[in-house]
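Below: one structure, written as C-alpha cells.
All values derive from a computational prediction rather than experimental measurement. The basis for the numbers below is simple: all heavy atoms, side chains too, and nothing from hydrogens, waters or symmetry mates. Residue numbers begin at 1 in each chain, while the letters A, B, ... track the order of the sequences.
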Number of protein chains: 2
Amino acid sequence: MLQPAENDTSEALTERQQAVLDAALRLLVEEGDNLTMTAVARRASCSKETLYKWFGDRDGLLTATVQWQASKVRVAAVDREKLDVVSLTATLERFASDWLKVISSDTSIALNRVAVGHAGSGKDDLGAVVLQNGRFALARRLKPVLEAGRQAGLLEFDDAETAFRTFFGLVGRDVQIRLLLGDRLELTEATIGGDARRATQQFLALFGATTGPLAL
Amino acid sequence: MLQPAENDTSEALTERQQAVLDAALRLLVEEGDNLTMTAVARRASCSKETLYKWFGDRDGLLTATVQWQASKVRVAAVDREKLDVVSLTATLERFASDWLKVISSDTSIALNRVAVGHAGSGKDDLGAVVLQNGRFALARRLKPVLEAGRQAGLLEFDDAETAFRTFFGLVGRDVQIRLLLGDRLELTEATIGGDARRATQQFLALFGATTGPLAL
DNA sequence: AAAAGGGCGTACCGTACGTTACGGTTCGGC
DNA sequence: GCCGAACCGTAACGTACGGTACGCCCTTTT
C-alpha cells in the first residue's frame, strides 16, 4: 500500500468519459455524498445506462471520479536544484504553500469527505486512493528533497519519514480536520504564504544543520 | 462558535436513555453511518417509537449520541502546578499522549467519520459538536498551561493560539487524517509515548525561552 | 383491582434511490 | 440508403430505510 503503482488511472478514458467524470466531480463538490446517479446523468447529459455500462455501479463511478481528479493533480517533480540554503527554503515553502492550497480547495475537501465517509464500510477503497494521491504522494515528492538537503549538509535527521511527518504536521496543523468538519476558515493567499514561511522556518529550526538560529 | 457553552448535554438523561445512547454509540463504531434506526432499536432492546419520541429523528439520535460521548470525555483541567521546566514538560507530554490516545481510539475515529460525512450537507451540526469537544476543547485546556509557561519565563511566543496550533500539528501530524481515511496505523502505548516526547521536545525547541538546546 | 402510562415488538406506509429495461436517435461503415 | 453500435431520455422495478401506528406487557398509582 505504500510504494505501489503510479496509478495511470487515465487508462483509456475517452474525452466524453472525462467530461462525464468532470460533471460528477462538480456535482460531488456541490452535493457531497448525496449525489444520485440520476443527478449525475442529468448533469452530464448522458443516460444512466451509460453510467452503469462505463463504471459498473455507484461506487465504481465514485472511485473513477476521485481517481480522475487525482490524475489531474499529478504535479511535476522538483527538478534537481543547486541546493543552497536559500533554494532549499524556497522549495520547502513552495511545497507547504501548494499543499495548503490543495487541502483548502473545495474539491479536495469534498473528495476527502466522501473518502472518509466510505472508509468505515470497506466497500470501496476511496480512502486508500485519496491517501495515496494525497499524503503519500506528497511524501514521495518531498523526501528526495529532504535527502538531498541532508546530502548537502543542510539538514540533519535520522529518518526521512519522521522528518517528513514533522514537516507535514507543521504545515497542516489543524487546518485539514477543521475544514473537513465544516469549520469556516478562510485561507487567503496571504495567510497561506505566511503559514508556509512559518512552517518552513520552524522545520529548519528543528532539522537545519547547525546553521545559527534563523530568525523566526 | 468558539467559546460557547460548556454544553451540559447530560441534561435530563435517564439511565435508560444513556444505555440506549451507549448502544447507539457501539453500533456507530461498528457500522459507521450505515446504522439504521431498526438496528439501534434492536441493539438497545427498545422500540423505534421510543427512539423517535426521545430523540426526534435520526439526526437527533446521532447528535445526542455524539454529545453523550463528548460529555463522557470531559477531562479534569490541569491543576495549577509549580511550573518548572520539568513539570511543564511532563504536562505537555501528558496532553500529547492523551490526545493521541483519543484520536486513535475506535470511537473517536467513528465519530469523526460521521461528523465529517455530515459536514457537507448542513442538516445537523455534528461537525461543530465534534470540533467543539475535540480540537477546541483541547485548546481551551492547553492554552492556560502555555500562558502560565510564558508567565514563568519558560516559554516565548506572541500568540497563544499560534503556539497551540503548532503544538497540535507536532503531535497529530498525519495521524488523524490517515486513520480517518482508513489507513491501518497501530499506535501502541510505546509509540504514543515516544511521539508525545518527541513532539514536546520539538515544541520546546521552538518556543522554549533561551534554554540551551534540548537534546532531540 | 382497575386504570393509566411507559415502553417493547412488530407490522405497515411512503419515498428515495440504485439498478435495469426499452424505445428513439445519431453516426460510422458498407 | 441500410445496419448495427453507441448512446440519450425516461419509465419501471425492487428494496432499504426513515418514520408511524397499534397491540400487548409490565409497573405504578389510587
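The side-chain contact (heavy atoms from CB on, under 4.5 Å) search around A:Ala115 returns A:Leu126, A:Val130, B:Leu181, not counting sequence neighbours. Partners of B:Arg150 by salt bridge (charged side-chain N to carboxylate O under 4.0 Å, His left out), not counting sequence neighbours, listed by chain and number: B:Glu147. Residues meeting the side-chain contact (heavy atoms from CB on, under 4.5 Å) test with A:Asp159, sequence neighbours left out: A:Glu161, A:Thr162. Residues meeting the side-chain contact (heavy atoms from CB on, under 4.5 Å) test with A:Ile109, sequence neighbours left out: A:Arg113, A:Leu179, A:Leu180. Considering only residues two or more places apart in sequence or on other chains, A:Asn34 meets the side-chain contact (heavy atoms from CB on, under 4.5 Å) condition with B:Ser121. By the salt bridge (charged side-chain N to carboxylate O under 4.0 Å, His left out) test, B:Arg173 pairs with B:Asp195, sequence neighbours left out. The salt bridge (charged side-chain N to carboxylate O under 4.0 Å, His left out) check on B:Glu189 picks up B:Lys101, with sequence neighbours excluded. Every residue two or more places apart in sequence or in another chain that forms a salt bridge (charged side-chain N to carboxylate O under 4.0 Å, His left out) with B:Asp33 is listed here: B:Arg58.
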Would you mind writing out the side-chain donor-acceptor pairs for residues 59-66 of chain A within the sub-3.5 Å range, not counting sequence neighbours?
unit_1, atom_1, unit_2, atom_2, d
A:Thr63, OG1, A:Asp59, O, 3.2
A:Thr63, OG1, A:Gly60, O, 2.9
A:Thr65, OG1, A:Leu61, O, 2.7

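A heavy-atom distance below 4.0 Å to DNA chain D is reached by these residues of residues 26-44 of chain B, ordered by number: B:Leu35, B:Thr36, B:Met37.
For B:Asp98 and B:Arg94, the salt-bridge test passes: some basic side-chain N is under 4.0 Å from an acidic carboxylate O.
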Check nucleotides 20-29 of chain C against the protein and report each pair of N or O atoms closer than 3.5 Å, with its distance, or say if there are none.
unit_1, atom_1, unit_2, atom_2, d
C:dC22, N4, A:Glu49, OE1, 2.5

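Mapping heavy-atom proximity under 4.0 Å, the span of DNA chain D touched by chain A runs 5' to 3' from D:dC7 to D:dA11.
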